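Residue numbers start at 1 and run along the sequence shown. Just so it is clear, the values below take in all heavy atoms, side chains as well, and ignore hydrogens, waters and symmetry mates. Quick caveat: nothing in here was measured; it's all calculated off a predicted structure.
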Amino acid sequence: MSLITRVRIVAIARDWLGTPYHHGASLRGAGTDCLGLVRGIWRELHGSEPEPVEPYSGDWAEATGEERMLQVACRHLIERKVSEALPGDVLVFRLRPGVVAKHTGILAPAGRMIHAQESVPVAEVALGSWWRRRIAGAFAFPGVSD
């Protein structure tokens, strides 16, 4: 496997731009959701995924009330202070105060992020104040060299 750098992570994420939204999927160019984007980047960096992903409904967070996304991130990624997040890091979001974190994206340079959102293809967007207020955690992929 080649060297894992933040520039490489952002480049891989950008290769997913335009991939249609498809809940539960993780196939560049064919379909993905926000978790599928992170899973696809992991596969390109590390080979196979660190653990199987069971099928999940669109309301999994509301139905379970469990912080699954943050728990899995803590198991397989390296937790960082949000204030110290760098391009290539994974951001996890709580879409409303007091609810389970259930959205994720990749921090890109210049205050931007790359993510998949329902009804929209993977896009690079400004990480504006609305998104910044909702960050529940920041994580680095393991093995990043810079």
Side-chain angles (χ1 to χ4, degrees), residues 1-51 53 56-62 66-146:
M1 270 180 239
S2 54
L3 194 62
I4 299 173
T5 65
R6 295 179 176 286
V7 169
R8 181 169 173 232
I9 294 166
V10 172
I12 293 168
R14 285 178 171 153
D15 285 344
W16 285 71
L17 292 175
T19 297
Y21 181 86
H22 186 82
H23 176 78
S26 180
L27 186 58
R28 182 176 48 217
T32 193
D33 60 11
C34 66
L35 177 59
L37 173 63
V38 174
R39 291 171 50 211
I41 294 167
W42 177 285
R43 288 191 307 270
E44 190 155 339
L45 296 173
H46 296 288
S48 62
E49 295 183 40
E51 65 181 65
V53 177
Y56 50 93
S57 66
D59 67 347
W60 66 267
E62 294 81 3
E66 297 174 11
E67 290 286 1
R68 288 187 190 171
M69 190 170 279
L70 286 171
Q71 291 167 356
V72 172
C74 286
R75 277 199 302 273
H76 301 292
L77 302 170
I78 300 160
E79 191 168 9
R80 304 176 55 84
K81 291 181 181 178
V82 171
S83 61
E84 296 175 2
L86 296 169
D89 284 344
V90 176
L91 301 177
V92 177
F93 299 90
R94 216 176 281 292
L95 297 179
R96 290 190 328 267
V99 300
V100 171
K102 64 179 276 184
H103 186 68
T104 188
I106 303 297
L107 184 60
R112 300 181 66 76
M113 77 164 170
I114 300 163
H115 71 136
Q117 190 171 351
E118 190 170 355
S119 303
V120 180
V122 174
E124 185 168 336
V125 300
L127 184 64
S129 60
W130 190 92
W131 285 109
R132 288 185 187 279
R133 285 192 309 271
R134 288 162 175 78
I135 298 173
F139 302 86
F141 284 98
V144 175
S145 67
D146 62 346

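- Partners of Trp42 by ring pair (Phe, Tyr, Trp, His ring centres under 6.0 Å), not counting sequence neighbours, listed by chain and number: His46.
- Under the side chain to side chain contact (heavy atoms under 4.5 Å, CB included) test applied with Phe93, the options Met113, His115, Arg132, Arg133 reduce to a single match, Met113.
- For residues 26-36, the set of pairs meeting the side-chain hydrogen bond (donor to acceptor under 3.5 Å, both in side chains) definition, not counting sequence neighbours, comprises Ser26-Arg43, Arg28-Glu44, Asp33-Tyr56.
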*Please report the C-alpha distance between Leu70 and Arg94 in whole Å, then the side-chain angles of each, then the deciding distance to 0.1 Å, and finally whether the side chain to side chain contact (heavy atoms under 4.5 Å, CB included) criterion is met.*
CA-CA 10 Å; Leu70 286 171; Arg94 216 176 281 292; 3.7 Å; yes
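- Between Ala13 and Ile114, the shortest heavy-atom contact is CB-CD1, 3.7 Å.
- Each of Val10, Val90, Ile106 was evaluated against Ile41; a single residue qualifies, Ile106, per the side chain to side chain contact (heavy atoms under 4.5 Å, CB included) test.
- Here the CG atom belonging to Leu86 is positioned 9.0 Å from the CG atom belonging to Asp146, to the nearest 0.5 angstrom.
- Within the structure, side-chain hydrogen bond (donor to acceptor under 3.5 Å, both in side chains) contacts touching residues 84-93 (residues at least two apart or in different chains) are Arg6-Asp89, Arg80-Asp89.
- Arg134 contributes atom CZ, which lies 11.5 Å from atom NE2 of His103 (distance to the nearest 0.5 angstrom).
- Glu66 contributes atom CD, which lies 14.0 Å from atom NZ of Lys102 (distance to the nearest 0.5 angstrom).
- Atom-to-atom distance recorded for Leu91:CG and Leu107:CG is 5.0 Å, nearest 0.5 angstrom.
- Residues meeting the side chain to side chain contact (heavy atoms under 4.5 Å, CB included) test with Ser48, sequence neighbours left out: none.
- When all heavy atoms are compared, the tightest approach of Gly31 to Thr19 is N-CG2, 3.5 Å.
- Partners of Val82 according to the side chain to side chain contact (heavy atoms under 4.5 Å, CB included) rule, which considers only residues two or more places apart in sequence or in another chain, are Ile135, Ala138.
- In terms of heavy atoms, Leu95 sits closest to Trp131 at CD2-CZ3, 4.0 Å.
- Put simply, the side chain of His22 does not reach to within 4.5 Å of the side chain of Leu27, judged on heavy atoms.
- Counting only distance, with no hydrogens or angles, the side chain of Ser145 and the backbone of Ile4 share a donor-acceptor pair below 3.5 Å.
- With contacts defined as side-chain heavy-atom distances shorter than 4.5 Å, the pair Glu79/Cys74 qualifies.
- Between Gly29 and Pro20, the closest heavy-atom pair is O-CD, 3.7 Å.
- In this structure, the side chain of Arg8 engages the main chain of Leu3 through a donor-acceptor pair within 3.5 Å.
- A distance of 10.5 Å separates CG of Leu77 from CZ of Arg75, quoted to the nearest 0.5 Å.
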Identify all side-chain donor-acceptor contacts of residues 117-129 below 3.5 Å with residues at least two apart in sequence or on another chain.
unit_1	atom_1	unit_2	atom_2	d
Glu124	OE1	Arg14	NE	2.8
Glu124	OE2	Arg14	NH2	3.0
Glu124	OE2	Arg112	NE	3.4

